[in-house]
**Student:** 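Take this structure first; my questions come after.
Just so you know, ligand 1 is whichever comes first in the structure, and atom 1 is the first atom listed for that ligand.
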Amino acid sequence: MGNITFTMIKPEAVVAGNTGAILNKIEAAGFRIVALKKIHLSKERAGEFYAVHSDRPFYGELVDYMSELPIIAAILEKDNAVADFRTLIGATNPADAAKGTIRAEFAESLAKNAVHGSDSDENAHIEADFHFSAEERL
Ligand code: IDP
Ligand code: MG
């Protein structure tokens with residue numbers, strides 16, 4: 001048993017048909033999928049998820065984009081899950097993301113950057129609880 005992180009495969013990556021390739025990279029990097037589902041977030045739910053960013057200039061754009069089309073949500077387990085997953089996905093801006101990272105390979109832009117990754121153990125648990133019931137985690 002390792003600790004957990006929470007991820008979303010963002011709409012543009014799902015539409016582009018990159019779900020399988022991204023999940024492949026995640027499993028190949030040693031993460032275990034604890035929970036997984038495709039969901040279409042309402043604008044209200046997306047706004048609640050990103051409430052921490054509500055003061056930032058891109059908040060409205062981010063909420064619109066994340067609620068426009070379905071996403072894939074997942075809980076992932078591994079030792080050092082949060083930090084190792086941030087390493088696997090690369091920098092927020094794909095222009096700065098290291099070669100071989102998920103964002104370097106699949107992101108379209110700073111806003112449409114293919115995947116979400118939790119930024120702390122505390123937020124990983126908050127985000128996992130936001131999206132999944134106990135019965136959905138195996
Ligand atoms: P992170 O996803 O790498 O943790 P955050 O700073 O938490 O990055 O930002 C959340 C999300 O908001 C990013 O993944 C990206 O989709 C979007 N975002 C961040 N900065 C900008 C920006 O300057 N313009 C547009 N969208 C942004
Ligand atoms: Mg973040």
**Student:** Strictly distance-based, threshold 3.5 Å: is any side-chain N or O of Asn3 a donor or acceptor partner for the main-chain N or O of Asp79?
**Tutor:**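 It does not hold such a pair.
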
**Student:** Is there a donor-acceptor pair under 3.5 Å between the side chain of Glu136 and the backbone N or O of Ser133?
**Tutor:** yes

**Student:** Is there a donor-acceptor pair under 3.5 Å between the side chain of His40 and the backbone N or O of Ser67?
**Tutor:**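 The answer is yes, because a donor-acceptor pair under 3.5 Å joins these two groups.
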
**Student:** Determine whether Arg32 and Lys78 make a side-chain contact, defined as any pair of heavy atoms from C-beta on separated by less than 4.5 Å.
**Tutor:**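 No, every pair of side-chain atoms sits at 4.5 Å or beyond.
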
**Student:** Give me the atom names and distance for the closest heavy-atom approach of Val82 to Ala124.
**Tutor:** CG2-CB, 4.1 Å

**Student:** Between ligand 1 and the protein, which N/O pairs fall short of 3.5 Å?
**Tutor:**
| unit_1 | atom_1 | unit_2 | atom_2 | d |
| --- | --- | --- | --- | --- |
| ligand 1 | 2 (O) | Arg103 | NH2 | 3.0 |
| ligand 1 | 3 (O) | Arg86 | NH2 | 2.9 |
| ligand 1 | 3 (O) | Thr92 | OG1 | 2.5 |
| ligand 1 | 3 (O) | Arg103 | NH1 | 3.1 |
| ligand 1 | 3 (O) | Arg103 | NH2 | 3.4 |
| ligand 1 | 4 (O) | Arg86 | NH1 | 2.8 |
| ligand 1 | 4 (O) | Arg86 | NH2 | 3.2 |
| ligand 1 | 6 (O) | Arg56 | NH1 | 3.3 |
| ligand 1 | 7 (O) | His53 | NE2 | 3.0 |
| ligand 1 | 8 (O) | Thr92 | OG1 | 3.3 |
| ligand 1 | 14 (O) | Lys10 | NZ | 2.9 |
| ligand 1 | 14 (O) | Asn113 | OD1 | 3.4 |
| ligand 1 | 14 (O) | Asn113 | ND2 | 2.8 |
| ligand 1 | 16 (O) | Lys10 | NZ | 3.0 |
| ligand 1 | 16 (O) | Ala111 | O | 2.7 |
| ligand 1 | 16 (O) | Asn113 | OD1 | 3.4 |

**Student:** Strictly distance-based, threshold 3.5 Å: is any side-chain N or O of Arg86 a donor or acceptor partner for the main-chain N or O of Ser120?
**Tutor:** no

